[in-house]
Amino acid sequence: LCLAAIVLVFVLKLHRNVLYRLTIYQVFTAMLFGGALVAFTTESMKSFDSFAIGLFGVGSYIGWVKVMAALCLTVHLFALVVCHKNLKRFELVYIVASLIVSVPFGVVSAVLFKRSRSNATANTTMYEVILSPFLVILIFCSLSSIFVGVTLCCRVWRKKEHSLLYDGQLHRKALCE
């Protein structure tokens with residue numbers, strides 16, 4: 001499904017727009033995350049060894065790249081809709097930041113996952129280290145998305161209200177003549 005969405009974006013030539021390219025990155029990382037999750041699940045069922053831990057680290061890294069890509073997309077939409085700034089020149093910065101910032105989370109996830117298999121304290125630490133930044137980003141993206149949606153609705157409402165007023169004035173003018 002992800003591959004079909006990516007192909008469709010290129011067939012319809014939507015990849016020329018920055019927002020669609022950012023969305024393509026989201027879909028691509030979702031596809032990679034799904035593949036890593038399937039690989040980890042099948043490998044960890046066979047045996048729990050360093051390869052399974054590595055797959056968990058890679059899956060965590062890809063998951064964090066997806067979270068960071070969502071953050072970048074949200075920041076871009078917020079800047080475009082609310083602040084009227086087109087940040088398309090920062091597309092490469094979005095990509096590089098998503099790839100680099102996610103590295104520590106992938107490594108820490110793998111290390112804490114290995115430790116969590118041996119004691120319960122590391123399991124709690126894992127959730128604190130991994131989920132705390134994730135929840136902050138999730139709350140920020142959710143609030144920003146709501147603000148962008150409200151801003152767009154208000155613009156549509158004002159435009160509709162303005163066009164009705166304008167049409168009403170034209171209609172009264174036509175009746176007076």
Side-chain angles (χ1 to χ4, degrees), residues 1-79 87-146 148:
L1 188 60
C2 292
L3 194 58
I6 292 172
V7 168
L8 189 63
V9 165
F10 281 102
V11 168
L12 296 175
K13 298 181 182 175
L14 299 173
H15 63 279
R16 296 176 184 158
N17 188 333
V18 177
L19 286 173
Y20 286 109
R21 282 195 302 272
L22 291 173
T23 306
I24 289 171
Y25 305 144
Q26 281 277 32
V27 172
F28 184 70
T29 55
M31 186 173 64
L32 290 177
F33 183 71
L37 188 63
V38 168
F40 169 73
T41 305
T42 56
E43 185 61 33
S44 64
M45 286 186 178
K46 292 179 193 173
S47 66
F48 186 77
D49 55 356
S50 57
F51 185 67
I53 294 170
L55 281 175
F56 183 80
V58 169
S60 296
Y61 171 74
I62 294 170
W64 271 100
V65 169
K66 176 137 182 58
V67 169
M68 295 306 296
L71 178 65
C72 293
L73 181 63
T74 304
V75 166
H76 188 81
L77 276 172
F78 186 84
L87 302 177
K88 66 181 178 183
R89 63 183 179 272
F90 292 115
E91 181 181 4
L92 186 60
V93 174
Y94 293 155
I95 297 167
V96 172
S98 296
L99 294 174
I100 291 174
V101 169
S102 303
V103 170
F105 289 107
V107 173
V108 168
S109 298
V111 170
L112 289 176
F113 182 70
K114 183 178 181 182
R115 288 185 188 164
S116 71
R117 301 295 285 184
S118 60
N119 65 18
T121 308
N123 199 11
T124 305
T125 306
M126 179 178 164
Y127 289 122
E128 291 170 356
V129 169
I130 302 302
L131 292 180
S132 298
F134 174 74
L135 289 175
V136 170
I137 291 171
L138 180 69
I139 291 169
F140 174 78
C141 288
S142 299
L143 292 176
S144 296
S145 298
I146 290 169
V148 165

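In this structure I137 satisfies the side-chain contact (heavy atoms from CB on, under 4.5 Å) test together with W64, V67, M68, L71, C141, sequence neighbours excluded. Take S144 and apply the side-chain contact (heavy atoms from CB on, under 4.5 Å) test, not counting sequence neighbours, and it matches T74, F78, F140. For Y94, the ring-ring contact (aromatic ring centres under 6.0 Å, His included) partners two or more places apart in sequence, or in a different chain, are H76. When the side-chain contact (heavy atoms from CB on, under 4.5 Å) test is applied to V11, the partners found at least two apart in sequence or on another chain are V7.
Considering every non-hydrogen atom in both G59 and A36, the closest pair reads CA-CB, 3.8 Å. S60 approaches G106 most closely through the heavy-atom pair CB-CA, 4.1 Å.
Listed by first and then second residue, the side chain to side chain donor-acceptor pair (under 3.5 Å) pairs that reach into residues 22-39 are Y25-E91, Q26-K66, sequence neighbours excluded. Counting only residues at least two apart or in different chains, salt bridge (Lys or Arg N to Asp or Glu O under 4.0 Å) contacts with residues 132-145 are absent.
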inquiry  = Please evaluate residues L99 and Y61 with respect to the criterion side-chain contact (heavy atoms from CB on, under 4.5 Å), reporting the C-alpha separation (whole Å), side-chain torsions for both, the decisive distance (0.1 Å), and the verdict.
reply    = CA-CA 9 Å; L99 294 174; Y61 171 74; 3.6 Å; yes

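In this structure, CD1 in I62 is found 10.0 Å from OG in S102, a value given to the nearest 0.5 Å.
Here the side chains of L87 and F90 are in contact, with some heavy-atom distance below 4.5 Å.
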